[in-house]
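Okay, so here's the structure we're looking at.
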Amino acid sequence: MNTDRIHREGSSDSSVNESEETAFEKSTHFIGRFKLQTVLTISFALLVIFAICITGFFSFQASQFAVNELAGQVQSEVSDRITDQLNEYLKTPHLVNQLCLDSIRLGHMNVHENSDLISYFRELSFRFDTIEAVCYANEQDGNYTIISKVGAPGLVNGTERFYGVSNSMTNHSFIEYRLLPDGSLGEKTLTIPDYDPRIRPWYQTAVRAEGPAWTPIYMWLEGVVSIDAVTPVYSEKGTLMGVMDTSLTLSGIGDFLQQIKISENGQAFIIDKTGQIIASSTIKEPYHRMNGELVRLSAAECSDPVIQKVTHFISHHMGNSTNISTRKQFICDFESEPLLVEFTPYQDSYGLDWLIVVVIPESDFMGSIQAHNKTTLLILLGSLLGTIILCILLARYITRPILAMNKSAKALAHGDFSSWTDSKRKDELGELSRSFKNMSDQLQTMFSSLKASEERYLSLFQASADAIILCKGYTLLEMNRAAEEMFSLPSNTISGREITGLFDDIGKTIAEMIESSMKAGSDGYESQTISRTKDNAEQYLNIRITKVTADGDIISLVHIRDLTIERQAIISFAEKEALRDAYSRVEMILELLPDPTFVIDKNGVILFWNRAMEKFTGYDSDSMIGKGDFQYSYAIYSEKRPLLIDFALHPELSYDGLYPEINRSEDLLSTSLWVELKGKMAYISVIAARLYDKNGNVVGAIESVRDITSHKQAEEALLVANKKLNLLSGITRHDILNKIMISKAFLSFLDDNELHQEQRDYIDRIRRSLTEIEQFVAFSKTYQELGLKLPEWQDIGEVFSRVAHQIDTGDVQVRVNVSGVSILCDPLFEKVCYNLIENAIRHGGDLTYIEVRGTETSTGFLITVEDDGTGILDDQKKYIFDRGFGKNTGYGLFLTREILAMSDITITENGQYGTGCRFEINVPKGKYRKDGKMV
């Protein structure tokens, strides 16, 4: 039976071979009628023709690509030049506006003085030649001042300047004059009645933007088309004072586009987000004036066919131009000629949103390329003819036995190792045939062994619970099922790809480890643990790379193990231990605090009750912890009611009737009050604050209580003693003044008697002595009040301005240039301001002004009181603050220094004799604030 089966199987194989040979004979019957030399010659010729065609095709493609690349570079260069020009051209007006704002803030320019505006605007107009006009409009009364290159219609040559004004002096009509070279006014060039700048587009744009912005493109009353940089001007209190406006004309952008060299027929234009033309290299004025109104040209409907075609193409393929955020290039067909187009978005921080378009016809670059292609084609045809001749010569050396070897090789390729036909020839082809036969036998043995080994490897490789990846260099060869599940990627879709572009950042990490392993050159391994976010959870992976040598190649075996569960367990244990240690330390600190302290959670349940609290209330912590329902209040006040800790948790609660006043500093609350504790009245200080977890969520609150009864009693006793001393001093001063008045009355009686000159001299001396006693008594009253009241915040500018109105300054101008700055000083600071101004007017000679300024320094805030009077002699400067020194009472500057010294503020005089006095008041940090904020 076995013999029969073998025989039948052999017959079947023979039949299959015969059918295959028949099919092969039929498929080669036509070719077999020709000589092999002819077949090979034709085959080689066809291959050469195909190669030449491919070469020609890629040569043409390369030339086309080179043209597009060159055109793209030209377009990008032109776009960059246009962008740079726009940046330079458009930043100037905002710079001019900022210079004006800085001058206004520094006091160099007064917006209410028309002469200041004329001088400053004229200088800016000549300094920044690209701007068309600079102007300012006042919010309150609509006053308007402008310096412009453009006068009445037709009066513009680029070198002259025109001055326009509208205010109450012109009955709010706009009147324009020609400015002469020396800055004086020339003839009147234009008059516009009832002109209100506040209703103009540029003014409304600045008010709506509340900051620097660009106006829409609009037309002036004189017919000029411009775009303006505007910014509102606010006072130091945030009130709108007016609007600064610096204008540019569209012609400035268009002139640059018309001058730029792109290519022979190239052009460029700029459109806004509505599709209207801003400027073009082929259109002088992209707008019309119709019935005094501006009509701008739409790029899709303009007369230039190239602009119209490109705009339609952008709209059709790219959608709304406002969605374009990056530079793009494309090819557009125009009258059977390709146009190379590049558009670049242009935006700035003030609201501009434009599109720069550069168009270059492909024919500008293709002329020389086409001539070169013709020459290349002739060379290829010549090469084809020579190659065919060479193929005929070479085909003579190839003989028929190759076909037999080919047939045997095909059988071998299909796994048939037994059907190899051994050639009997003795030449090189025979030797080659016998070598193939030996190779066939060896391959059969190796394939059998390899198949068994591969099956074992695959079973182990796929059964691994850890992810395994094989890489040759940086190329991924294969990965197992665990790796596919870990990264949610099938192996067959990513095999052959670079590992650096796979698995997010993990692929880059693996590549770096492979590189490190290769550089190390050892047989060891690289290991690294990393983390990543997967499904909104953190995952920890240990990556281990081992080098394996296979067929002379170094293969990297990447072994990845998921350590998330182990890592989380370790972290959880460490966090619990750290939390337990931290809680123990905090609990120990709170327990040992000398002030009674307790903590509640956000539901009002007591969490902590320290020893001082036990002693303060008589309730131990074991009986209090865990209780709610205001039990902590009952322990202190013997009644259940909200405490300061409840107002910290719930700021919306009302404390009327519970506390006299609650001071808040962010989350910290504090108060002081009299309470009855254990049958005695006590004055306590209470502070409370919220408690937060690491995520910023409120978890509870803490409150501390301190008994400050002794401090309060000492404070009240001191106040009573001060009142008594002040009362005694007041009575004493009153009695002294009464005695002085009586003495002066008796002296006046002596004036009616006939006295010797010597007696009258004595009487005058007595009068002067009594006057000095009166002044000393008045000084003692002021000095007594020093320090009686707590320091308070006082606005420097307001106090100086108020005092200046109380003093008869005559023709002396008092300028106070400090605002928004307050100092913490004795309430007698007003006396300081009074003494400094009154002293300057009394002793300054022929002074004309007194100026008060403020400047921040590295050590604090410097207040300067300066005048242009006579000044103080250098040898007297160190004595002027001494008591009794001076021409009047001698107490004014001494009292000034003492009042300031109460708040650690110093005063010095650093003026120069002959040019005026300069008093400098140095306020240290922590004793002044700006706009309500501490410094």
Side-chain angles (χ1 to χ4, degrees), residues 85-106 108-111 114 116-139 142-151 156 158-166 174 176 179 195 197-234 240-256 278-279 294 346 348-352 354:
Q85 176 68 15
L86 288 176
N87 287 337
E88 291 296 320
Y89 190 70
L90 296 175
K91 76 177 182 181
T92 301
H94 284 288
L95 173 62
V96 171
N97 285 346
Q98 188 60 46
L99 290 174
C100 293
L101 289 178
D102 292 343
S103 298
I104 293 171
R105 293 192 184 102
L106 295 174
H108 298 160
M109 181 175 69
N110 188 346
V111 296
N114 202 42
D116 279 6
L117 296 176
I118 296 173
S119 176
Y120 200 79
F121 288 175
R122 180 174 178 270
E123 182 179 353
L124 290 174
S125 179
F126 280 103
R127 180 173 298 180
F128 300 97
D129 189 57
T130 59
I131 64 174
E132 198 67 23
V134 57
C135 62
Y136 173 78
N138 189 282
E139 170 66 17
N143 289 351
Y144 176 66
T145 302
I146 180 172
I147 297 296
S148 171
K149 292 182 181 179
V150 181
V156 55
T159 59
E160 289 186 312
R161 297 296 184 270
F162 298 86
Y163 156 64
V165 64
S166 171
F174 177 81
E176 183 186 82
L179 273 180
Y195 182 79
R198 293 170 295 186
I199 64 174
R200 296 294 293 161
W202 55 270
Y203 193 98
Q204 295 297 321
T205 299
V207 173
R208 286 192 299 269
E210 299 181 353
W214 288 104
T215 67
I217 296 173
Y218 72 103
M219 186 171 67
W220 294 11
L221 297 178
E222 293 90 340
V224 176
V225 179
S226 76
I227 182 171
D228 298 0
V230 295
T231 184
V233 181
Y234 294 99
L240 179 64
M241 297 171 56
V243 171
M244 288 296 310
D245 176 13
T246 303
S247 300
L248 293 173
T249 59
L250 288 187
S251 59
I253 303 175
D255 291 342
F256 172 77
I278 303 296
L294 175 66
Y346 180 83
D348 69 1
S349 58
Y350 302 108
L352 286 186
W354 293 351

Would you compute the distance between atom [atom1] of [X] and atom [atom2] of [Y] and round it to the nearest 0.5 angstrom?
{"X": "D129", "Y": "T92", "atom1": "CG", "atom2": "OG1", "value": "10.5 Å"}
{"X": "Y136", "Y": "N114", "atom1": "OH", "atom2": "CG", "value": "11.5 Å"}
{"X": "I227", "Y": "E132", "atom1": "CD1", "atom2": "CD", "value": "13.5 Å"}
{"X": "I131", "Y": "F126", "atom1": "CD1", "atom2": "CZ", "value": "11.0 Å"}
{"X": "I217", "Y": "M219", "atom1": "CD1", "atom2": "CE", "value": "13.0 Å"}
{"X": "Q98", "Y": "R105", "atom1": "CD", "atom2": "CZ", "value": "6.0 Å"}

Hey, is the main chain of [Y] close enough, under 3.5 Å, to the side chain of [X] for a donor-acceptor pair?
{"X": "N87", "Y": "L90", "result": "no"}
{"X": "N97", "Y": "P212", "result": "no"}
{"X": "S125", "Y": "F121", "result": "no"}
{"X": "D116", "Y": "N110", "result": "yes"}
{"X": "D228", "Y": "V230", "result": "no"}
{"X": "Q204", "Y": "R198", "result": "yes"}

So, do [X] and [Y] sit near enough that their side-chain heavy atoms are less than 4.5 Å apart?
{"X": "R161", "Y": "K149", "result": "yes"}
{"X": "L95", "Y": "F128", "result": "yes"}
{"X": "L352", "Y": "L86", "result": "no"}
{"X": "I278", "Y": "Y346", "result": "no"}
{"X": "T215", "Y": "P201", "result": "no"}

Compute both the distance and the angle, then confirm whether R122 meets the cation-pi test with Y163: under 6.0 Å from the six-membered ring centre, within 45 degrees of the axis.
no

How far apart are the closest heavy atoms of [X] and [Y], and which atoms are they?
{"X": "A213", "Y": "T205", "value": "CB-CG2, 4.5 Å"}
{"X": "P93", "Y": "L248", "value": "CG-CD1, 3.6 Å"}
{"X": "V111", "Y": "L117", "value": "O-CD1, 3.6 Å"}

Option among C100, P197, C135 that satisfies the side chain to side chain contact (heavy atoms under 4.5 Å, CB included) test with D245:
C135

Apply side chain to side chain donor-acceptor pair (under 3.5 Å) to the pair E139 and Y203, showing each step before the final yes or no.
CA-CA 10 Å; E139 170 66 17; Y203 193 98; 2.3 Å; yes

Would you call the rings of H94 and W214 parallel, tilted or perpendicular if under 30° counts as parallel and over 60° as perpendicular?
perpendicular

How far apart are the C-alpha atoms of Y120 and L99, what are their side-chain angles, what is the distance that settles it, and do they pass the side chain to side chain contact (heavy atoms under 4.5 Å, CB included) test?
CA-CA 10 Å; Y120 200 79; L99 290 174; 4.1 Å; yes

